[in-house]
J.: 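Can you keep this structure in mind? I'll have questions shortly.
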Amino acid sequence: MANTYNLSHESLNSLFGALRKDGRRIMAPVEAGGRTELAEVETPAQVASDYLQTILSAKEVAFPKVERLLSYTIAPGQVDLKDTEPKAVPTVLFGVRPCEAKAFGALDAVFNWDYRDKFFNARIEQLAVIGLSCTKADEACFCTSVGGGPADATGSDILLTPKEGGYLAEVCTEKGAAILNLAPDLFKPGNGVDKAAITAKVEQAFDQPALTTKLPGIFESEVWTDQALRCIGCGACAFVCPTCVCFDIQEEADPKKGERLRCWDSCGFHLFTLHASGHNPREVQGARWRQRVYHKFSYYPERYDMLGCVGCGKCTRACPVDMNLKEHLIEAAGVKA
Amino acid sequence: MEAVNQRAKELLEKGEIKAVLGYAKGTGHVRRPHFARKAGQVDQLVLDAACLQNLAVYVTKHEVKKLGKVAVIALPATQRAILQLMAERQLRDGELVILAVDGEAVKELDSAAALEEHLALKAQGLDAKDKALLAELDAMSREQRWVYWQNELSRCMKCYACRNSCPMCYCGTCTMDCNRPQWVPVASHGIGNLEYHAVRTMHLAGRCVECGECGRACPVGIPVHLLTFAAEESIHEQFGQRAGAKAKLDYALSTFKTDDKESFIR
Amino acid sequence: MRIGYYPGCSLLGSSREFDESTRAVLKALDVELVEVADWNCCGASSAHILNHELSIALPARILALAEQAGLTEILAPCAACSNRLLSAQQELEKHPEMLAGIEKAIEMPYKGTVKIVNILEVLDRLKDLIAAKTVEPFAKKVASYYGCLLVRPPRVVNFDRPEDPQSMDRMLRAVGATPVEWPFKTECCGAAFSVTRTDIVAKLSGKLVQDAVKRGADAIVVACPMCHSNLDLRRAEINEYLQQEYAIPAMFITQVVGLALGLDPKALGLHRHMVPVEFAETAGVQS
Amino acid sequence: MSRIGVFTCHCGENIGATVDCVKVAEMCKDIPGVVHSVEYKYMCSDPGQRQMQEAIKEHQLDGVVVAACSPRMHEPTFRRAAGDAGINPYMCEMANLREHCSWVHEKGDATTQKAADLIRVLVEKVKHNEPLHPIKVPVTRTAMVIGGGVGGIQVALDIANGGHKVVLVEKSPSIGGHMSQLSETFPTLDCSQCILTPRMVEAAQHPNITLMTYSEVEKVDGFIGNFKVTVRKKARKLDEKLCTGCGLCIQKCPNKKISDEFNEGLGTRTAIYVPFPQAVPNKPVIDLQNCTYYKTGKCKVCEKMCPTNAIRFDQEDELVTLDIGAIVLATGFKLMKTDAFPEYGYGKHKDIIDGMQFERLASASGPTSGVMKRPSDGKEPETVVFIACSGSRDRAKGVPYCSKICCMYTAKHAMLYKHKVHSGKAYVFYMDIRAAGKDYDEFVRRAIEEDEVKYIRGRVSKIYEEDGKLIVMGADTLMGGEPVVIKADMVVLATAVQSNDRSEELAQTLHVSYDSYGFFAEAHPKLRPVETNTAGIFLAGACQAPRDIPETVAQASGAAAKVVGLFSNDELTREPIVAVVNRQAAPVYSTCVGCFLCQGACPYQAIEQEEIKARSGEVIMTLARINPGLCQGCGTCVATCRTKAIDLQGFSNEQIYAELMTL
Amino acid sequence: MDEKFEPKITAFVCNWCTYAGADLTGTSRIKYQSNVRVLRVPCTGRIDYMMVLKALHKGADGVIVSGCHPNDCHYTSGNYHARRRWMVFKKMMEVMGVDMRRITFSWVSAAEGARWAQLVNEVTDQVRALGPYAEFRQIIGAGIE
């Protein structure tokens with residue numbers, strides 16, 4: 001349903017004003033202490049102007065690092081249980097990259113697979129995404145290898161592509177249209193632009209469908225152990241990943257009260273699969289690393305008919321020991337089955 | 001570099017070691033840790049100013065120990081970390097070939113005693129940049145420091161990159177992973193982050209070799225290394241001990257002097 | 001060496017020779033004395049029985065002035081002065097809550113950084129130099145008399161042994177004298193009764209003079225203006241009380257050292273004494 | 001879910017008057033896990049304990065909190081009672097409502113609330129208590145007695161007569177101690193040597209006693225029942241087996257002018273010497289500091305003269321390590337020296353002597369053969385002043401305590417002097433006369449009334465010398481503070497009794513507590529006066545506090561009884577409050593990483609290495625292990641361990657965490 | 001702020017000195033303020049810094065850590081180890097900006113009953129004057145969505 005418009009740089013101010021007037025919080029990448037991170041903004045001037053990617057992904061808008069699921073108090077003879085009603089603030093995510101916008105689909109697949117997660121859904125319902133096409137990419141990027149692209153509109157309600165004097169605005173969804181309707185005057189009818197010419201060039205690095213087909217056959221390959229020799233088993237990759245969805249449920253309680261929290265977790269941790277008996281089915285880092293790759297490229301397609309990776313490269317950038325996912329996938333694709 | 005690589009090749013070819021742990025070219029300008037396991041791979045190893053990581057974090061990993069004897073290209077911080085690991089009985093003499101690199105000079109060492117002697121010749125302590133950062137922190141008021149750290153730590157998500165990148169964090173079961181009782185909350189909320197970083201700092205006080213790896217590893221740029229640096233420096237000031245300097249364990253927090261000087265105990 | 005100097009009232013009046021001899025000796029030893037400008041009364045002997053705060057404020061002002069002059073040490077030759085200065089300093093150290101009031105009273109800041117020393121401490125530091133520069137050894141038998149304020153109360157002055165002190169004896173030996181063994185080094189001389197009850201002074205100081213002579217001393221050496229007054233100025237009363245003409249001179253330690261260094265007796269103020277500083281072949285009783 | 005009973009005690013009015021115990025008991029019923037909560041007037045009484053025991057059975061309680069007095073008072077009582085009722089004794093905890101609440105706060109809601117809070121904390125603790133079982137350790141039935149004075153000799157004889165082996169260690173060349181130096185003893189005036197010497201001989205000849213004279217304890221490892229004591233046998237430079245004690249070497253030793261310790265410097269001895277004629281063993285030692293051979297490399301007269309060739313110049317100190325089950329400290333005291341008295345001339349007057357020097361002057365075996373001669377010129381003193389409380393009860397001298405024996409020995413000294421110099425005048429300056437003891441006050445009265453010793457109540461401010469006399473300046477406080485001046489020929493200072501030299505060092509070697517004066521601390525001032533806080537180490541005599549001979553001997557027998565009691569079992573049981581390193585299933589084995597940082601933190605060297613081996617014998621891990629016999633349960637290692645691999649039974653992480661969560 | 005603010009004080013004390021000293025306070029009937037809750041451990045060596053942090057976490061406005069004077073440790077050196085731990089811990093807390101006026105370290109012997117009362121009163125008064133430890137309270141729950 002993509003309708004194409006032109007949006008001038010100047011009109012962004014009014015758009016932000018209109019969004020805020022509509023009671024929406026605007027989250028956008030900002031520069032802070034040399035880092036680009038997602039934060040609430042009021043005006044377009046606050047938005048980072050020249051950035052490749054934020055360090056963390058946009059997933060925390062819908063799936064925060066710690067959230068309360070329920071709480072309770074214990075009085076003599078009774079327990080008073082209180083369900084947490086998710087705080088869902090109408091939010092517009094402005095300026096996220098197409099890869100991240102696309103990633104919400106991967107999160108949705110898990111949170112609405114069999115059990116419908118009310119916390120995630122409440123936030124998603126209130127969320128609109130204004131994506132921003134990439135005009136540059138780095139060595140970590142490989143969106144085009146996983147079905148995306150620097151100007152891919154999947155997941156964006158409105159996708160902006162920078163061009164001279166402003167943006168090309170593709171209104172992709174009803175949520176997008178609703179935003180347009182808040183300030184219809186700002187969206188000038190525009191003609192198609194050759195997006196490929198303006199946006200970044202990201203070469204396809206490997207044949208993903210072939211890799212996905214091959215993976216079950218190379219489960220025992222040494223390539224995983226070899227690649228993981230360098231891995232120190234922290235959770236940086238998972239925590240910055242826009243699609244990583246694993247969480248841990250923690251109960252914090254004392255004799256009088258308690259609460260149940262959902263916290264990000266990572267399959268890279270030794271503790272992740274550690275059994276109470278002391279047995280660990282993924283005893284070595286190689287097995288944990290393999291799990292990460294397989295989950296995204298084998299189990300996800302198998303279960304949800306989609307990939308669990310959007311090729312954003314955040315994991316590579318965040319990794320303290322430079323585990324380059326693209327490079328490792330190319331290597332795996334080359335392994336003889 | 002050539003001399004190191006030459007020697008590494010020799011050792012690999014003779015079968016005296018199973019791998020050489022050094023640095024290789026990584027994504028962009030980054031240098032990454034690299035295991036060269038065949039003589040032919042040795043040429044991939046590079047050694048330049050961009051090589052920063054403390055490679056000692058690998059030598060206690062059972063995946064790495066399983067490879068067999070390894071030669072480590074060890075910059076000064078790596079050397080100190082290996083010595084401290086030896087003092088803490090995590091490595092035995094002869095378990096590693098330490099190719100100690102200091103500027104142009106290369107020395108082949110394989111025992112704690114040799115490392116101690118080697119390191120004794122070098123100045124220890126923080127460089128000017130880190131000293132300045134600590135001084136900045138010191139110059140703040142107590143309230144400012146509190147706000148500063150709460151701001152910084154609010155970004156922490158407990159990915160444990162700081163812990164896992166630290167050569168001294170080799171514990172099989174980290175105290176953070178102990179849950180009976182769960183002294184430190186798992187969640188990365190305000191109190192959970194404060195307690196985690198307090199514990200991490202206390203656990204490294206007297207053991208930190210001041211390589212700064214934790215700060216470099218942090219994906220969200222929290223200067224966590226300043227905490228362990230401050231602890232280590234205060235130990236050096238108060239007790240004159242330094243981690244990574246002695247072959248025999250000299251842990252400031254399991255030794256004492258009857259006349260340790262403090263002024264705050266009423 | 002550069003050192004602050006607080007003479008106090010006695011050294012300007014009854015004991016001018018103590019001031020003169022101190023300055024002369026220290027000059028000869030290349031010590032620069034910097035007199036504290038605009039100094040005031042130290043409060044002895046009455047302030048501390050009248051008003052505690054006053055007794056602290058008076059010495060505190062002197063010390064504060066010394067601080068302002070950039071001095072780290074201050075010499076107070078008079079035993080009463082140094083005693084009061086020390087008392088005030090310690091009181092303020094112990095009771096920091098008093099500081100604000102004192103600073104207000106003296107209208108200047110007080111830090112408590114100045115070290116207070118007495119004349120024996122200063123001489124002791126210069127002992128080797130004195131020994132080296134001694135040209136006319138004071139080859140006499142002497143009774144070293146410390147009195148009360150130099151060594152007491154020990155917790156305030158924290159100097160030498162409170163009973164049977166030794167520092168003056170050491171100094172006297174260094175300049176060639178032979179201190180006699182006598183038990184009255186710290187006995188009371190009568191002190192401030194010097195003016196009001198000369199009869200008591202005669203009795204108490206008389207005991208000292210008598211014993212010193214009995215033990216063969218040629219001179220009694222002191223380091224306190226009050227002691228000197230009683231032993232010298234009140235000699236007439238003493239002799240009358242004892243019905244004996246004791247001619248043993250009472251000398252300041254600085255005078256003895258000065259003589260040994262070959263300084264002019266007049267520069268040392270020897271001519272100011274009531275009991276002439278003369279040594280007969282058989283000193284002591286003049287028949 | 002736990003089934004916990006809470007028993008709140010009124011302690012009569014002690015708790016009940018301030019804390020609303022009924023309300024507290026009511027409040028405790030609401031604590032989750034508490035199934036039974038009652039209050040009672042006196043929980044520690046028989047009916048109180050019975051009530052608790054019945055409730056344990058009736059309500060099938062698995063944990064108990066007794067809210068009463070300090071656990072330091074009654075924890076053993078209630079744990080025993082709980083144990084008798086069938087639950088593990090360590091499932092019982094005490095909340096301290098008396099010392100920590102009712103006695104220190106005013107009556108009111110806040111105080112009642114605090115009482116309930118204190119109980120709540122302990123309830124949460126008990127929920128995490130584990131049943132513990134006493135630790136059994138074997139007992140080596142050999143005792144070591146350190147110090148060979150009258151106390152040490154008595155302990156050794158009593159234990160030996162009880163059928164157990166004793167090693168008696170004495171640092172000087174002979175046993176006998178201070179008592180062998182005394183002339184006569186109060187209040188009977190019988191000769192000290194005459195009553196002591198037979199005991200010394202008995203000890204030496206007893207088949208169960210091994211004497212180690214001229215020896216010092218160097219190191220003590222281990223724990224009750226299982227000490228390893230290293231003793232340094234200082235070289236006598238003599239083969240004791242060959243020496244017959246003929247004394248020829250002593251007669252011929254050319255170096256005769258050495259100040260004699262036994263005579264307190266009032267006499268002289270040779271460089272090879274026995275301290276006194278009745279010494280046991282009667283074997284000489286060579287004084288290395290004064291022996292001509294050791295100073296100049298020439299002499300060896302003694303070696304030439306010795307008929308049995310027993311002299312061994314090349315003999316070295318020997319370190320002997322012994323297995324010991326119990327240790328008794330009987331290291332005695334020392335007297336303050338006269339040089340500690342500025343007002344009396346810092347010890348420079350030869351005729352101002354201390355009490356022990358007077359003993360030697362009065363002793364028939366002393367340097368004057370018991371004839372009264374003053375040290376300076378050997379003249380018979382016509383006037384002697386005795387000053388009691390010299391140093392004692394004097395804060396300025398650092399001795400605020402009463403030395404206890406001086407009143408009596410001063411009376412004795414004055415009496416002995418008067419018996420020897422009938423025309424002499426004896427004056428005693430005193431503060432109070434403390435003559436509490438059988439026949440003691442009568443003795444002092446005898447000195448005053450029969451021997452006409454002049455007692456003056458007052459202190460002496462100064463003593464100085466004039467014309468060969470000591471001028472003693474004092475005051476008579478019973479005469480309105482009138483100054484008293486006495487021209488004396490000799491002054492005897494009854495100087496303070498102080499802890500022996502290096503007693504603190506010894507205490508640290510043995511891990512026993514000591515007070516600020518260096519006297520060893522008893523486990524309880526009233527109820528455990530001969531025990532120390534370190535199990536298996538006992539006290540006898542003046543090493544604990546100033547004591548006279550009868551008291552020392554009585555305490556010695558008491559300590560001996562404790563040792564014999566300990567030795568009456570093959571093994572002994574200990575509190576299971578010890579640290580433990582966790583063990584888990586393979587492949588983890590333990591959260592211990594084998595860094596051994598804890599080893600340095602352990603005050604008892606209780607942390608050992610343990611190897612985890614595969615079936616093939618290959619060492620998989622080296623872990624820490626805590627020897628439960630050595631561990632005393634301080635928990636320092638627990639706080640040091642990063643991975644929480646060590647925990648302290650009874651004060652575990654789970655327990656403390658649960659307590660904290662309650663706050 | 002609540003006008004009737006009453007601080008919560010948590011004390012960690014060793015069994016042999018300070019706990020016994022506090023017993024003596026009771027035996028001597030010396031009164032002190034009732035805000036303190038005492039946790040008994042065998043020795044100051046057992047006191048993990050996590051206990052102090054947990055006490056603050058659980059709402060203590062002030063913490064007392066007390067044991068035997070140097071040289072007097074029942075276990076001979078537990079308190080020396082503890083002292084070092086506190087020296088480093090205090091430094092760390094200061095670096096992190098924790099208000100150290102709220103954590104009091106002290107030595108109270110078994111004979112110092114009066115001193116225990118005085119210490120508790122001093123700390124209680126001081127913490128009462130400081131008010132609730134709001135700064136610390138703010139981070140509890142912070143960061144949870």
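Each chain gets a letter, A, B and so on, in the order its sequence line appears, and its residues count up from 1. Keep in mind it's a predicted model, so treat the numbers as computed, not measured.
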J.: To the nearest 0.5 Å, how far apart are CD in E:Q33 and CD in D:E106?
T.: 11.0 Å

J.: If you count every heavy atom of other residues, nucleotides or ligands that lies below 6.0 Å from D:R395 atom CZ, does the total exceed 12?
T.: no

J.: Rounded to the nearest 0.5 Å, what separation is found between the CZ atom of D:R120 and the CZ atom of E:R37?
T.: 10.0 Å

J.: I would like to know whether D:L660 and E:F12 meet side chain to side chain contact (heavy atoms under 4.5 Å, CB included); could you show each step before the answer?
T.: CA-CA 10 Å; D:L660 277 167; E:F12 299 96; 3.6 Å; yes

J.: Among residues two or more places apart or on two chains, list those pairs meeting salt bridge (Lys or Arg N to Asp or Glu O under 4.0 Å) that have a residue in residues 86-101 of chain E.
T.: B:R142-E:D99, E:K90-E:E94, E:D99-E:R101, E:D99-E:R102

J.: Side chain to side chain contact (heavy atoms under 4.5 Å, CB included) between E:I30 and D:V104: does it pass, once the steps are laid out?
T.: CA-CA 6 Å; E:I30 303 169; D:V104 291; 5.8 Å; no

J.: Are D:L648 and E:P42 close enough that some pair of their side-chain heavy atoms sits under 4.5 Å apart?
T.: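 Answer yes - side chains close enough.
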
J.: Can you tell me how far the OG atom of E:S109 sits from the CG atom of D:D515, to the nearest 0.5 Å?
T.: 11.5 Å

J.: Measuring heavy-atom distances to chain D, does E:W16 have an atom under 4.5 Å in its side chain, in its backbone, in both, or in neither?
T.: both

J.: Could you state the interatomic distance from NZ (E:K31) to OG1 (D:T111), rounded to the nearest 0.5 Å?
T.: 9.0 Å

J.: How many angstroms lie between atom CZ of D:R72 and atom CG of E:L24, to the nearest 0.5 angstrom?
T.: 10.5 Å

J.: Apply side chain to side chain contact (heavy atoms under 4.5 Å, CB included) to D:L663 and E:K54, showing your working.
T.: CA-CA 10 Å; D:L663 292 169; E:K54 272 294 128 179; over 6 Å; no

J.: What part of E:N15 gets closer than 4.5 Å to chain D, counting heavy atoms only: side chain, backbone, both or neither?
T.: both

J.: On the 0 to 90° scale, with breaks at 30° and 60°, tag the D:H100-E:Y19 ring pair as parallel, tilted or perpendicular.
T.: tilted

J.: Less than 4.0 angstrom from a charged side-chain N to a carboxylate O is my criterion; do D:K644 and E:D48 meet it?
T.: yes

J.: Less than 4.0 angstrom from a charged side-chain N to a carboxylate O is my criterion; do D:E75 and E:R40 meet it?
T.: yes

J.: Examine whether an atom of E:A60 lies under 4.5 Å from a heavy atom of chain D, and if so say whether it belongs to the side chain, the backbone or both; otherwise answer neither.
T.: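 Interface part for E:A60: neither.
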
J.: If we ignore hydrogens and angles and just use 3.5 Å, is the side chain of D:H105 paired with the main-chain N or O of E:Y32 as donor and acceptor?
T.: yes

J.: Which bit of E:V36 is near chain D, if near means a heavy-atom gap under 4.5 Å: side chain, backbone, both or neither?
T.: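 Contact with chain D: backbone and side chain both.
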
J.: Examine whether an atom of E:I47 lies under 4.5 Å from a heavy atom of chain D, and if so say whether it belongs to the side chain, the backbone or both; otherwise answer neither.
T.: backbone

J.: Measure distances from E:H81 to the heavy atoms of chain D and classify the residue's part below 4.5 Å as side chain, backbone, both or neither.
T.: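 The side chain, not the backbone.
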
J.: Drop me the distance from E:R46's CZ to D:C634's SG, to the nearest 0.5 angstrom.
T.: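 Separation between the atoms: 10.0 Å.
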
J.: Select, from D:A601, D:S513, D:A110, D:A507, the one with the greatest count of heavy-atom pairs under 4.5 Å involving chain E.
T.: D:A601

J.: Given heavy-atom pairs under 4.5 angstrom as the criterion, report whether the side chain, backbone, both or neither of D:M73 touches chain E.
T.: neither

J.: More than 12 heavy atoms of other residues, nucleotides or ligands under 6.0 Å from CD of D:E218: is that the case?
T.: yes

J.: Quick check for you: among E:A55, E:A82, E:C43, E:S34, which has the greatest number of heavy-atom pairs under 4.5 Å with chain D?
T.: E:S34

J.: Please test E:R85 against D:T636 for side chain to side chain contact (heavy atoms under 4.5 Å, CB included), starting from the C-alpha separation and ending with a verdict.
T.: CA-CA 11 Å; E:R85 199 180 297 144; D:T636 306; 3.8 Å; yes

J.: E:A22, E:S77, E:A117, E:G78: which one forms the most heavy-atom pairs within less than 4.5 Å of chain D?
T.: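 Max contact count across the listed options: E:A22.
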
J.: Tell me, for E:T27 versus chain D, whether the close heavy atoms (under 4.5 Å) come from the side chain, the backbone, both or neither.
T.: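 Contact with chain D: backbone and side chain both.
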
J.: Side chains of D:N96 and E:V38, heavy atoms from C-beta outward: is any pair under 4.5 Å?
T.: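 With C-beta onward as the side chain, the pair stays apart.
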
J.: Kindly write out the residues that satisfy disulfide bond (SG atoms under 2.5 Å apart) with E:C68, not counting sequence neighbours, or none if the list is empty.
T.: E:C17

